[in-house]
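Notes for the one structure printed next.
If you read the sequence from its start, that first residue is 1, and numbering goes on from there.
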Amino acid sequence: MSVLVQLPKNKGYALYTKGADSVILKLLGDVSIAPGNTPDVIERTSRSLDDYGSEGLRTLLLAKRLIPEREALTWSAKFSDAKNILGDEKRREETLLRLGLEIERDLELVGATAIED
C-alpha cells in the first residue's frame, strides 16, 4: 500500500510504501539510486525481521521514493483516469496494477515495524 504526498515548499513529491518484506525488498533501488539501501542496512534489517518473526510478531517494511513534480502529476492523472474506468472491471484492475508497478520502484528502505496480531 502506498501514498503519494506533495512535499512542502515545492520540493516535489514523495511516495511512501508499506508492505511485506518479500514484496518491498524486490522494489528497492540499488545504492546508486537509493543511497540508504546499503548491503549492511539491508542485512541488518533482514536479521531484525527474522528476530521479530521468530517472536511471533507481524512485520512490515516501510520505504519511500522522492518523485519529481512532473512525474508525480503525470502518474496521478493516469491513476485518476484508471480509477474512473467503468464497465470493464478487468481492464480497470489491470490498469491500476500496472500503474502501481510503474511508480512503486527504486524505493529506499525507511525501516521496519513489528506488532503483535
Separation of S2 OG from I24 CD1 (nearest 0.5 Å): 6.5 Å

Single-linkage hydrophobic cluster, 4.5 Å side-chain cutoff, I85 and L99 together: no

Taking every non-hydrogen atom, the tightest pair across T59 and G53: CG2-N, 4.5 Å

Donor-acceptor contact below 3.5 Å, side chain T74 vs main chain E71: no

Inter-residue atom distance L101.CG - L27.CG, 0.5 Å rounding: 8.0 Å

L4 vs F79, side chain to side chain contact (heavy atoms under 4.5 Å, CB included): CA-CA, chis, key distance, verdict: CA-CA 11 Å; L4 182 63; F79 186 77; over 6 Å; no

Linked, directly or transitively: L49 and L60 (ILVMFWY side chains, under 4.5 Å): no

Side-chain touch L25/T45, heavy atoms, less than 4.5 angstrom: no

Sidechain-backbone polar pair: N37 side chain, L109 backbone, donor-acceptor under 3.5 Å: yes

Minimal non-hydrogen separation, K83 against R92, with atom names: O-NE, 3.1 Å

Minimum heavy-atom distance L73-Y13, with the two atoms named: CD2-OH, 3.4 Å

Shortest non-hydrogen contact from Y16 toward V5: CE1-CG2, 3.6 Å

Rounded distance (nearest 0.5 Å) linking atom CG of D106 with atom CG of L28: 9.5 Å

Common cluster, V23/L96, ILVMFWY with side-chain heavy-atom separation under 4.5 Å: yes

Side-chain donor/acceptor of R65 to backbone N/O of E104, under 3.5 Å: no

Atom of L62, atom of K18 and distance for their closest heavy-atom approach: CD2-CB, 3.6 Å

Flag if over 12 foreign heavy atoms under 6.0 Å of CD, E116: no

Within 6.0 angstrom of N10 CG, more than 12 heavy atoms from elsewhere: no

Polar side chain donor-acceptor pair, T38 to D40, under 3.5 angstrom: no

Student check: side-chain heavy atoms of T95 and D81 closer than 4.5 Å: no

Shortest non-hydrogen separation from I67 to A72 and the atoms involved: CG2-N, 3.7 Å

Nearest-0.5 Å distance that lies between atom CG in D50 and atom CG in D21: 8.0 Å

R47 with E43: basic N within carboxylate O range, under 4.0 Å: yes

D117 side chain to G56 backbone, donor-acceptor under 3.5 Å: no

Distance in Å, L107 CG paired with K64 NZ, rounded so as to fall on 0.5 Å steps: 11.0 Å

Within 6.0 angstrom of R105 CZ, more than 12 heavy atoms from elsewhere: yes

